[in-house]
Structures are given as C-alpha cells and as structure tokens.
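Presented below is the structure to which this report refers.
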Protein chains: 2
Amino acid sequence: MQPIASIFPTPGEAAAAAIERRLRDFAANRPAGERLPSTRVLVADHAASPLTVQRAVQRLVREGLVETRPGAGNYVARRRATQQADFGWQTTALGAARNGADGIGAAMETDIASAVAMHSGYPADDLLPTRLVRAALVRASRTALAVDRSPVAGLPELRTWFASEVAPVGSSAVVPVSPDDVIVMPGGQSALSSIFRALANPGDAVIVESPTYWGAMAAARQAGLRIVPIARGSSGPSAADLDDAISTSGARLFYAQPHFANPTGALWTAAERAEIMAVIRSRGVYLVEDDWAHDFAIDGDISPLAAEDPDGHVVYIRSLTKSVSPAVRVAAVIARGPALARIQVDRTVDDLYVSGILQAVALDVVTDPGWRGHLLRLRAGLRSRRDELARQVHTHFGPDALEFVPAGGLNLWIRLPDGTDTREYLRRSREAGIMVSPGHDWFPAEPTGAFIRLNYARARPERFAGAIGTLAGLRFPATSTGIG
Amino acid sequence: MQPIASIFPTPGEAAAAAIERRLRDFAANRPAGERLPSTRVLVADHAASPLTVQRAVQRLVREGLVETRPGAGNYVARRRATQQADFGWQTTALGAARNGADGIGAAMETDIASAVAMHSGYPADDLLPTRLVRAALVRASRTALAVDRSPVAGLPELRTWFASEVAPVGSSAVVPVSPDDVIVMPGGQSALSSIFRALANPGDAVIVESPTYWGAMAAARQAGLRIVPIARGSSGPSAADLDDAISTSGARLFYAQPHFANPTGALWTAAERAEIMAVIRSRGVYLVEDDWAHDFAIDGDISPLAAEDPDGHVVYIRSLTKSVSPAVRVAAVIARGPALARIQVDRTVDDLYVSGILQAVALDVVTDPGWRGHLLRLRAGLRSRRDELARQVHTHFGPDALEFVPAGGLNLWIRLPDGTDTREYLRRSREAGIMVSPGHDWFPAEPTGAFIRLNYARARPERFAGAIGTLAGLRFPATSTGIG
C-alpha cells in the first residue's frame, strides 16, 4: 500500500519530484565537485518555479548529496556513508492491514491542471462565495477568535444558526431543534466517523442504500461496522426492504442521503419519507440523514427529515465545506437525547474542538446579507451546468445512459454498456485527459452495472461537449465476469 | 452522561441559559398576552449583552412560547399543542456507553472570566505570535488556498518545513526525514487518534508512562486499546520496566513525551534515551514520540528522538496549535515505512484533509522572519512565569510539594498532602475562584498520590502569589481510601 500522497500527487509535487529525481541521478553518477544544472535550466526544462527548484536543491543539501558554494552555485558533494533504512520489522509489528488506500474514493484525487476534472465532489471557485469568504477571513483576523480556543461543542452563535436552518415546516407540532442539540464538526466526514463510532459497536450492522457515498462506507468500515446494503428504487429505497434488513441484521443505524443522494442524485418522495420514518420509529433505530446537498437544491427547496422528528430518531448532518469553501471545514451534527452526548465525547476525544477561525468565517458568510443572493446565483449556475451536461450525455451516450436528471446536487450518474470494466475505462479516460469517478467506488458490494459519476459543477461548461464526446468515443473494455 | 456543552459552559452561555430559564418560567406560568421583562431589565439583572437577551427571546419565539409585537415588545404567546419528546427508545438502541464524558480532562474547560485559570493546557495570548497570526490570516485571505481543497497529505511546503525541523544533529549518518514522511494533521489529538487506530487493533496493548497526557489515554481507549502503565523515574521510565511490559503485554506501541512530559515536566536523560531506544529496536516496536512542548523549551533546546531513528521505530508528533494559535489547528505526524500509509489512510477516512487556510497561516507564521524572535521572547516569558510560580509554590506549599522545576513546558506538578481527595479539592478551589487540573485526570490507574497540575503560562503572573496562597490555605479534604 503506497502513501496517499504518492497516489494523488499535485502538479506542483510532480514537477518537484521530477527535478529531485534528475538531481539525485546527477549527484549519484557524476564525480564530486561537478556543478549541478543551473536553476535557470531546471526552471525551463520542468516548467517549474525557481522556488520549486530551490526546494529540491535544499533537500539534497540537507541529505549531504549536494553542497552549495555561496555565489558560485551547487555542486556534487563528497560521498558520506549513510545507513540504509530497514523497515522489515514493521511487517511483524503491524500485522495485516484492515483498510487499504483503495478505501479512498478516486473523487479525492487533486485536479490535474490540463485535464477536464469531472471526478471531484466539489464545485468550481466561481460557484463559491469567494468574495464573502475572503472578507470574512480578514474580519476574523481582527477578532479574539484568531488566537482563542473554541468551546468543544462549537461557537454558540454558529450552533444557533445551524439549529435555525432545521426549523419545522409551517405550524408543526414538533418541538424545534435547539442550539443545545447542535455539535459543530470539522467537516461532514468527521461527523460520519463520530456518529458511526459513537452510536454503534464494532461488529454491529449499518444499513446503507446501494450505491451510496464511498466516504460513509469507509468511515463505517473504519469503525468496524458491517455494511448491509439495500437496493435503491427509482427514488428512495423500499420501506419493506428496510424493515427486513433491520430485523435480519439487527442494525440500529440506517445511513442515507434522502435529497439528491450521492452518487445517483435520487430524491425520496413524500410517500417514501413517511413510510421509511414509520419503519425507523417502529423498529427503534436511528436514521443518519446526510443532508450533503442542502445548498445545492436546483428545482425546489429541501426540507430535512430532522425538522419533523419529535423523538430523536434522526441524526442529522449538515456541512458547509462544499458550499462555503473547501478550506472552511465546518459542519454540524444535530441529535437529540443520549445520542448527542455520545457523539460529542467521540469528537472531543478525536480532535478536541474545531478552529474558532473557521467557525467565525462560516458564521460570517452564512449570515452575510449577500449569502441569499449567492445561493440564488449558485442555483442558476448549477441548473445551466446540469442541463448542459445532461444534454451532452443524451447526445453522445444515448437516451438510456441517464436514468433521470437529478433535481439537485452536483453530479450525473451515467450507465455505461453492460460488462464495461470501469477500472480500465477510468485509465483510458485519464489518458484522454478527462477525470471521472468510477462506479465501483460507490457500491457496498459488486456493482450491479457499469457506471461513472460525472460532476457538472467543477469543469468549465464549454468543455462538456468535447469531454463527453471523447468519453463516449472511448472503446468500452469488457470485464472477464461481464459485470462492471 | 451530560453533553460536554453543559459540562463546560462559557460565561456567555451561562448568562444566556439563565435568561432563557427565566423567560421560559415566565412564559409557562403567566397568562398569554402578558408582557415579558424588558431587555433593559434582563441586561441589568444578568450582566449580559442585549444581543444575548435578544437571542434567548428569539429562541422562545421560534418555539412558539413568546410572540414579538414590533415596536411594542415581547409577550407570552397563546399555548400551542406540542408533543413531548420521548428518548426512551434510545436506551435500547445505544446499549451501554463505552467511553464517558469523564474521559475528557478538566483541562479542556473554558476559562471562567473571573477565575484564575491555571487548569488549561494553553498559553496566554501575550505568549502567542498574535500579530503574525493576524497578518498571516489577511495574507491567506488573498490566496487561492482560501477556497481550495488541500491535498490529503497536506501542503508540500508545510510538509517540507516540518521535515526540516527534525534534522539530524551534527553530521549524523541517519538518512534525514523527507517531506514525503510527513502527514499534516488537524491538531495533535487527531494525530494520536489516528496513530492508535492505524498501528494497533482493538484489544491490543499500548504502554504509557504514569502519569501521562489524559488525551492520549482517551484516544487509546477510544481505539479499543488496553492501557499498560509503567512507572516514571525521576526523569524517564526505566528501560528494564519497558522491556518487561512489552514482553508481558505484547504491546507494539509505547506512547511517551520524552521532553517535559505532560503533566510532570520530566525530561529523559541522554542515557535513558539510548537505553529506551535500544529496547524499542530489540523488541521491534514503535515509540510514539509526542513532542508537544517543542516550542516551550526553557533551559535548552529539544532534539527529537525521531532525528536519530534510522528504521522508522519512532512515530513523531509535532503540533503548532499551542505555540502558533489554539485556533490554528495544525500538526504533523512523521513516520517511515508502512506505518506512514496506515496513518494517512486512517486520517483521510476520518476527515479527508486539513483546511488549506489553517495550513497556509501556520506555514506563514513559522517561516516569518519574526518567528525566531517570538520564540526567544516566549522562552523568556515562560522562564519568568515558571520561576515565579515555583517560588510561590515553595513558599506556600513547602519544599516537598514540587519534586523538581521542569526545564520546559507549561506546567508544574504539585503534590498535595497524602490522602487528599482531589475531586473535592477541585470543587473547593473552583469556589475560591481558582481553576486547577486535578491529578486523577492524568493517571492510567489509581493515582499514586494526590496531585494537581498548575499551568504557569496562562493566568497573569501577578495573580500567582494570591492564587497559590489561597490554594495552600484551603482545607485538604481526606479520601475514604486515604489515596488521592
């Protein structure tokens, strides 16, 4: 298993690595005292910044392979005996790996500058409230929060805002969520990790829709949970399936994304919401409602199930990371009853508290008068991008590739010809300069077909036509099994 | 078990809660249409800000208990039927708790404004590079990092800096740490959590010094590990004890703070370093070196054991949270060989990546020309604070209360009369307006004596004399067992 860093190098890292390799070869194969290629040459050859070159040289200097003569340049150093590292003992110390790097979805790969990035889970900068974020950072820099420790549950004002976002619909008889029911989290993934660790024990079952968010499955596996998939219908799963799965698996948790489920974009119908909540209540289990796309509704607003939950059956996750800024890692868990304290303890033990700077910036942005207007522009931007990508998919992949056009979210879920080997297809699309998220990352078990997820919120829309034409033109490699 | 939030309310939260209680009682017991106490009255009675009052009122308005008549004030609302929440079902769903709120050290409690805060693990603002942090935030607000997603392993430049901080001493024959060996973490506690989860399996043993950092024990328990304590000598633990503990427990991890161990301030001698590393190597286990006080050395610099480790036996933790800003939660793990990838996968699954804003701020501050000067002023400030507190302890508690004056760190470890009930002593010191960290938080098993940890880096030094006089003057309550 390689370090993630080497799995997903950034373009800058790639250039730096190339330069370092070249200088190491040079230092290894040339006599001591010979002069290294000049910075100017290296900058030109590797399209890198002088800073990158300088860093590579400095590293070799630290390792004693190169010596710098001030004003005169860099030279191959006299050899110095260095031990060879031997990590063999770690094989015994570590034992077998529980969870490999392949647990990390390809959606986490850093964009390759030259490629069309349709793999990512994040929107493009022009869909973010960039101006508001920058202004909020400057304001935060002047406050005491810049150097203070935040309370473990989060800033009271931010907890109040998260609670107010889950107000009951109309004149509901449900007691509204209170700020005391809110725990601020350093991102939605942390929320998942803490919920799974806190509300279940290793060996317990957790029920998920199939396909579902790869990160939720990775967090569940890390918590030692058994993943029990149930089929997704054309919108949500069947309540009867859920009821059976609970009784046979003994699961106490059902993880789901009722709105624009990632990766498919499916939306639960009102009937499904009611039937599923009835099962949840009658079985005495938790629904972990991952409202990941709350700010990405296109054809209508979202009303979370958590807003109509009187008895704490819904454990609700809301993240601002994708809609405010990927660098402002702030999310919230809303839970009621004993579950709340269990989740709080797990998160506090895992990393104590969330940066007050990031909480202040998030609060500043979402309470700024400009936030509402931003959300309207975001909705319009997502709509035109979604419709353009759907049009291109329909044109190039045909009418059956797209089961439906999702009413929100960031992605389209596209069916490839049956029996396509999505791993090989992924390699070929990368060679063609297009980054996609392969379907197999999203299935708890064997994929039921060959799929790719395409993000319409990141790459420039004017590149959609060309990219989809290229993807559709690739030869579709067949699997041995005939299943994607 | 109560939510942490209610265990550790901030002063602001306390006032807000009092006001809300008062208004709830009012709304519950007075007829609909009766006018609420005015904001002016509430501000005066509860020494709270108008904003706090306004928020409490708004919450009751959202809950339908109070109605606002614009310009005319707030009134008790007409009753509305609301269901009573019933969380009883969760008792069955959750089962027994593994890990209670008492796993969280009292050191995490937010400072009470009026009290002398000697409990905390963090330095005062005047010991932080506040000006550098604010300037770095403003600079970061202008960069692309403000809205970008960071690579999962962290920003290359920051990884390079962390690696350079662990350079071998003199012309060592050890291959220096490379930036590729560095994983950026959202704080030291996250590093501990990921190391314990990634390098051991539930049920495995981890060896710790006794006493040791409560957060490390909480993280180990959360990972399902058995904690095996070994006694601390006057400085470090005995290598023979460590060897015995490894062979009898089968532990593959030894967690330790070789420099200014928290809470005692003990420093391993050169001989102990060599003997312990010899055991670590011969037994084929990991030393988890928590270099928490790297920037808090007072009487001499720190050279991490990780700098002299050829074969990846040392897994090294360095955090900037305490020395740059508690709001800039950035740390690093340095590990070599297969351990690195295991830790990276765990952290990525737990929360994907660290905010690029916080990484940029941390890098900006530690590479600023002003950083070195700040560290020198910090050292001088810590020295005078340490010496003043030690003087006061010697004067008021007598010569035996302090075993030694630590050469670095933020704390003194003070022995109370044998048989003192530290829980009751903690309550009395709080009533007397002094916050301390009780010894029992820091012992893996029964405390071997009655201790408190006093932080000399947070409260104002001119308050030390009065606070220590008060603490020494408190009656020392006896335990039933006669052990602290």
If we only count heavy atoms from C-beta on, is the [X] to [Y] side-chain gap below 4.5 Å?
| X | Y | answer |
| --- | --- | --- |
| B/S355 | A/V328 | no |
| A/V138 | B/L137 | no |
| B/Y286 | A/L94 | yes |
| B/R197 | A/D350 | yes |

Looking at [X] and [Y], what are the two nearest heavy atoms and their distance?
| X | Y | answer |
| --- | --- | --- |
| A/R59 | B/S178 | NH1-OG, 3.9 Å |
| B/V349 | A/Q189 | O-NE2, 2.9 Å |
| B/P310 | A/F87 | O-CE2, 4.2 Å |
| A/Q222 | B/V345 | OE1-O, 4.4 Å |
| A/G356 | B/A327 | N-CB, 4.2 Å |
| A/Q90 | B/G312 | NE2-O, 3.1 Å |

Tell me which of these, [options], has more heavy-atom pairs under 4.5 Å with chain B than the rest.
| options | result |
| --- | --- |
| A/P179, A/A140, A/A144 | A/P179 |
| A/A163, A/P186, A/G187, A/A339 | A/A339 |
| A/A191, A/A360, A/S193 | A/S193 |
| A/S164, A/G337, A/A223 | A/G337 |
| A/S325, A/A135, A/S141 | A/S141 |

Checklist outcome for this item: Among B/T160, B/L192, B/V285, B/L253, the residue with the most heavy-atom pairs under 4.5 Å to chain A is B/V285

Checklist outcome for this item: Most heavy-atom pairs under 4.5 Å with chain A, out of B/L51, B/T143, B/D309, B/V324, belong to B/T143

Next on the checklist: Using only non-hydrogen atoms and a strict under-4.5 angstrom cutoff, which residues of residues 125-132 of chain A touch chain B?
Outcome noted: A/D125, A/L128, A/T130

Checklist entry - Parallel, tilted or perpendicular for B/H313 and A/W89, by the 30°/60° rule? => result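 Taking A/W89 first and then B/H313, their aromatic rings lie parallel (interplane angle under 30°).
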
With a 4.5 angstrom heavy-atom cut-off, which part of [X] approaches chain A: side chain, backbone, both or neither?
| X | result |
| --- | --- |
| B/T321 | side chain |
| B/R139 | neither |
| B/R134 | both |

Checklist entry - Rounded to the nearest 0.5 Å, how far apart are CG of B/L358 and CG of A/L358? => result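 The CG atom of B/L358 sits 4.0 Å away from the CG atom of A/L358.
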
Please list every donor-acceptor pair under 3.5 Å in which a side-chain atom of residues 145-153 of chain B meets a protein atom from a residue at least two apart or in another chain.
unit_1	atom_1	unit_2	atom_2	d
B/R149	NH1	A/M108	O	2.9
B/R149	NH2	A/E109	O	3.3
B/S150	OG	B/Q359	NE2	2.9

Checklist entry - Non-hydrogen atoms of chain B under 4.5 Å away: do they reach the side chain of A/R336, the backbone, both or neither? => result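 Contact with chain B: backbone and side chain both.
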
Item to check | B/R329 (side chain) donor-acceptor with A/Y353 (main chain) under 3.5 angstrom | outcome: yes

